[in-house]
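Working notes, beginning with the structure itself.
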Amino acid sequence: MRHYGVLGGSDLVKIMEQLGRTVITDYDYVVAHTNGELIGTQSLKSFLGEDKLKTWISQLKGCLLRGTFIEFRRGMINVSPIGRNCSQE
């Protein structure tokens with residue numbers, strides 16, 4: 001038996017916004033949810049430690065000149081080379 005899931009850095013609300021509300025019934029697992037219930041979570045800050053996280057973020061920001069290229073989330077750091085505020089066009 002195969003299990004299928006949707007993995008991403010967004011919370012369940014955002015994933016349902018992007019893929020439709022039926023995503024929680026269309027797949028066995030969504031992020032860290034199954035049957036619409038949270039089964040796990042991990043904080044990047046707790047996992048790495050605040051000092052390592054701050055060092056890594058400062059080094060990453062040094063590579064990017066301007067704009068909203070970095071979005072810190074609970075479990076990940078989302079980096080977008082074209083910027084987080086870009087339009088579809």
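Positions are given from 1 along the sequence. These numbers come from a predicted model, not from an experiment.
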request  = State yes or no: do Val13 and Val23 share one hydrophobic cluster built from I, L, V, M, F, W and Y residues joined by side-chain heavy-atom distances below 4.5 Å, directly or via other members?
outcome  = no

key: Qualifying residues under side chain to side chain donor-acceptor pair (under 3.5 Å), relative to Asp28, sequence neighbours excluded   = none

Those residues that, when tested against Gln18, pass side chain to side chain donor-acceptor pair (under 3.5 Å) (two or more places apart) = none

request  = Sequence neighbours left out, what passes side-chain contact (heavy atoms from CB on, under 4.5 Å) with Ile24? Give chain and number order.
outcome  = Leu12, Met16

inquiry  = So, taking the atom named OH in Tyr27 and the one named OG1 in Thr22, what distance separates them when rounded to the nearest 0.5 Å?
reply    = 8.5 Å

